[in-house]
Each structure stands twice: as structure tokens, then as C-alpha cells.
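Remarks on the structure that follows.
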Amino acid sequence: MRIIGTGSAIPKMAVTNDMLSQFLDTSDEWIVPRTGIRTRHVITDEKLEDLGTLAASRALEMAGLRAEDIDFFLCSNVICEYATPSLSCIIASKLGITAPCIDINCACPGFLYAMDIAETYYKAGKARNVLIVCAEEPTKMCDWNDRSTCVLFGDGAAAAVLGPGENILGTRLHSQPAPDKIWETIPLNSTPYSQTCTSAVPLQMKGREVFKFAVNASTTEVEALLKELGMTKEQVSWYMVHQANIRIIDAIKQYLGEPEEKFPTNIHDHGNSSSASCLILLDECNRKGLFKEGDILVFSAFGAGLLSAAAVVRW
Ligand code: UT7
């Protein structure tokens, strides 16, 4: 397949570190050097499905396709208001898409998992034009009294339209199951036969362990995938790394021995918007005209699960 359109939609409210320090024992001086984050966008009166729909319509417009041209729709989402129907169905109804709709929850690497599934369907002859939307509102998962998590996240949606082509050169998915590293529970209803034993626990994260996993998984997967494809790092034009923490990106850069200028970032503006991160970054870079035809883009993302993934794409 080939990425033929991208789009994104970001909530209007930008929350600075100084705004957080008005109600939280934190500071710009703590947050910036440890994370790289200066502001994050937070959903106020917007609906996540509307942001997802707007991002998708922007990607469709760039691709020059209409809703009826899409024959497979994947939506990556960790949490939204609806348990059912799926977020993809809700967005599809707003766009007028009638193709099969599937939601996946692969946390932060969701875009790369979706791209891998899209490519597999394409190669099996089951899809020609695929829409991927990553729509996330992690700010609704956090306890806003917990300074170790709420300062890190931001909301947003982004989309990619994939059409026929041979430009997804390879993908690599990895899991190292460890559900105690990043988790959150939401209560289900009690029944006459079972009292709900799951109480709501907001997002919990063992930050240092996740940090180590992220750096290790990213560098290992990227090097393994390039080797598998018979490619060298010299051929790579851009690394599109999940925007979780600037220090994670710096460590990956250092381990890979690759120069700063190959790593575009936008974490300072957005924070970590889970699976939407990589795709928001892709759309921003794309609309700035950063990529030229033939450029090699290496994607790397990691997160809850623990899951990670890498992909190599020719632009
Ligand atoms: O998509 C993947 C998801 N997650 C990640 O990628 C996160 C990976 N991990 C990280 O980014 C880092 O581990 C963090 C940024 C979350 C934390 O940085 P750290 O250097 O690992 O700090 P820490 O958790 O070890 O905390 C050090 C201190 C603690 O105080 P004490 O116990 O030493 O007194 C924390 O309470 O910093 C304190 N602290 C804060 N202080 C001010 C934690 N968060 C804050 C804060 N403001 N926001």
C-alpha cells in the first residue's frame, strides 16, 4: 500500500505547564527537562468522534477520495465514551462510509498495528483503499491529582488514507506482556450473579520501567526490521518515533547512532496522545512539505501491553 493522504484534528484548549502548576505540585522546570513537554491539547467541549471525523475528512480530501471509495476502515482507540458501537462505526456514520469497520486497542503503537493489518488485507486482495483513524483522549484516563501521569498526556486525532502501492516495505509487531506497567480499570455493571469487583482505577504507570522498555524495544525492532529488509540506517531519511518523552527519543537516537535532524518531534506542543502521536507528527511533517518522493520513513512506537511496533515506508 501507499500513504496517499493524512489529516489531523487537535482540541483547541492548550494547557501549559504553568497552568498545571496552579493546581498541581509541579513546574515547567520539572516537566520540560524530563519530558520535553511545554503544552498539551485537552478536550473541553469537543467530542472525540468529531475530531476523528475531521481528521479523516482532511486525509480523504488530500487523497482525492470520497467516503464510498474506502473499502476497509480501522480505528485505533484506547478509551472513548462508547463501549458499543465501536468508535469506527460512529465515525463511519458521520462520514458516510459503509465499509467494514474495526476498532483496535493496541495502545500507543496502534497506528503501526493498523497499518500492518491494512497491508495484510491489501495483499490478501480484500481491500484497496483503507482509512486509518487514531483518536485518543488519554486526559480522560488520568487522575488530575497525580502529577506523575497527568502532565504527560494530550488529546487528538489523526488519519491516514492508504491506497494501492508497494510502499510499505515492512512492519514488525512485538509484545512483551506485562499488564502491571501501564493500566487502568473501569467498573462494569453488577448482575444478580456477580457483584462488580472491578473498581475504577485511573491510569497507573511505572514510568521508569516503561522508559527502559521503550528505548530497548524501539532500537531492537528498528534494527531488526532494517536488517530483515536488507537496508542500512544510511538509507533512512526520517524516524517517526512515538512522542512519549523527548528523553526516550534522545536515547533511541543515541543507541541508533543517528543524527538529530532525522528525528522530527512535536512533543513540546502535544504531549503524548497515545496512538494518535505518530500520525499527528506524520500529518504535520507532511503538510509542511518535509518529505520528498522516495524518502524512507522509519516508524517506531511503544506503550501499554507492553506492545511495540516498527514500520518502514517509502514516501
Ligand atoms: O506511551 C508510553 C507511555 N509512557 C511513557 O513513555 C513514560 C516513560 N517514562 C517517563 O517518561 C518518565 O519515567 C517520567 C517522565 C514519567 C518520570 O520521570 P522520572 O525521571 O522517571 O521520575 P520519577 O518517576 O522517578 O520521579 C522522580 C521524582 C519523584 O519524587 P521523589 O519520590 O523523588 O521525591 C516524583 O514524585 O519526581 C517526582 N515527580 C514530579 N515532580 C514534579 C513525578 N512527576 C512529577 C511532576 N512534577 N510532574
Side-chain angles (χ1 to χ4, degrees), residues 15-40 42 76-79 104-113 134-156 158 174-184 202-219 221 240-255 263 265-268 270-281 299-310:
V15 176
T16 63
N17 294 339
D18 288 340
M19 287 161 78
L20 292 177
S21 63
Q22 285 165 15
F23 62 88
L24 207 57
D25 181 14
T26 190
S27 63
D28 192 57
E29 291 70 31
W30 192 95
I31 298 171
V32 173
R34 281 178 189 77
T35 69
I37 302 166
R38 293 182 186 279
T39 58
R40 70 287 292 141
V42 174
S76 166
N77 169 255
V78 174
I79 200 167
I104 60 166
N105 179 350
C106 303
C108 304
F111 171 54
L112 304 184
Y113 274 69
C134 299
E136 304 282 12
E137 46 187 343
T139 66
K140 301 265 177 76
M141 300 170 70
C142 296
D143 170 357
W144 281 74
N145 295 308
D146 176 5
R147 64 181 182 174
S148 71
T149 53
C150 73
V151 306
L152 303 173
F153 296 95
D155 304 323
H174 170 74
S175 81
Q176 190 176 303
D180 63 325
K181 303 294 186 255
I182 309 177
W183 61 278
E184 176 185 4
L203 187 72
Q204 307 291 306
M205 182 168 66
K206 293 186 176 143
R208 293 208 162 193
E209 293 174 49
V210 176
F211 192 108
K212 283 185 204 146
F213 165 77
V215 176
N216 185 41
S218 173
T219 49
E221 293 302 306
M240 309 300 292
V241 179
H242 171 47
Q243 305 288 296
N245 181 321
I246 199 70
R247 289 188 303 148
I248 293 178
I249 301 168
D250 285 343
I252 293 169
K253 208 182 295 176
Q254 203 181 332
Y255 279 112
F263 290 78
T265 58
N266 64 5
I267 185 164
H268 44 279
H270 296 286
N272 179 348
S273 46
S274 190
S275 72
S277 276
C278 258
L279 202 40
I280 294 171
L281 181 66
F299 291 86
S300 171
F302 32 77
L306 297 166
L307 298 178
S308 62

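Whatever order the structure lists ligands and atoms in, that order sets their numbers, starting from 1. Along the sequence shown, residues are numbered consecutively beginning with 1.
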Evaluate the 4.0 Å heavy atom contact test for [atom]: does a protein atom fall under the cut-off?
{"atom": "atom 39 (N) of ligand 1", "result": "yes"}
{"atom": "atom 33 (O) of ligand 1", "result": "no"}
{"atom": "atom 29 (C) of ligand 1", "result": "no"}
{"atom": "atom 14 (C) of ligand 1", "result": "no"}

Is it true that a side-chain atom of [X] and a backbone atom of [Y] form a donor plus acceptor pair closer than 3.5 Å?
{"X": "Gln204", "Y": "Pro202", "value": "yes"}
{"X": "Asn272", "Y": "Ser277", "value": "no"}
{"X": "Trp144", "Y": "Leu24", "value": "no"}
{"X": "Asp25", "Y": "Arg147", "value": "no"}
{"X": "Gln243", "Y": "Asn266", "value": "yes"}
{"X": "Arg40", "Y": "Val151", "value": "yes"}

Fill in: Arg147, Arg208, Lys181, Lys212: member with heavy atom nearest to atom 23 (P) of ligand 1
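Ranked by closest heavy atom to atom 23 (P) of ligand 1, first place is Arg208.
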Worksheet entry | Closest to atom 41 (N) of ligand 1 (judged by heavy-atom distance), picking from Trp30, Phe211, Phe153 |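 Comparing heavy atoms across Trp30, Phe211, Phe153, the nearest one to atom 41 (N) of ligand 1 lies in Trp30.
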Examine the proximity of ligand 1 to [X] and report which part, side chain or backbone, both or neither, has a heavy atom under 4.0 Å away.
{"X": "Thr26", "value": "both"}
{"X": "Thr149", "value": "neither"}
{"X": "Leu24", "value": "neither"}

Item to complete: Might you confirm whether atom OH of Tyr255 has over 12 heavy atoms from other residues, nucleotides or ligands at distances under 6.0 Å?
Response: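 At most 12 heavy atoms, drawn from other residues, nucleotides or ligands, come within 6.0 Å of this atom.
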Practice prompt. Take the angle between the ring planes of Phe111 and Phe299 and call it parallel below 30°, perpendicular above 60°, tilted in between.
Written response: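 Geometry flag for Phe299 against Phe111: perpendicular rings.
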Under 3.5 Å: N/O of [X] near N/O of ligand 1:
{"X": "Thr35", "value": "no"}
{"X": "Ser27", "value": "no"}
{"X": "Arg34", "value": "no"}

Discussion item. Between Arg247 and Asp250, does any side-chain N to carboxylate O distance fall below 4.0 Å?
Written reply: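 Judged by the 4.0 Å cut-off on N to carboxylate O distance, Arg247 and Asp250 do not form a salt bridge.
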Fill in: Contact with ligand 1 for Ala214, non-hydrogen, under 4.0 angstrom
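The answer is no: ligand 1 sits nowhere under 4.0 Å from a heavy atom of Ala214.
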Would you mind listing which atoms of ligand 1 come within a distance below 4.0 Å of any non-hydrogen atom of [X]?
{"X": "Asn272", "answer": "1 (O), 2 (C), 3 (C)"}
{"X": "His242", "answer": "1 (O)"}
{"X": "Phe302", "answer": "1 (O), 2 (C)"}
{"X": "Ala244", "answer": "1 (O), 6 (O)"}
{"X": "Ile248", "answer": "6 (O), 8 (C)"}
{"X": "Val151", "answer": "48 (N)"}

Fill in: Identity and separation of the nearest protein heavy atom to atom 4 (N) of ligand 1
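Here the nearest protein heavy atom works out to Met205 SD, 3.2 Å.
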Worksheet item: Can you tell me which residue and heavy atom of the protein come closest to atom 9 (N) of ligand 1, and the distance to 0.1 Å?
Response: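 Result for atom 9 (N) of ligand 1: Gly207 O, 2.9 Å.
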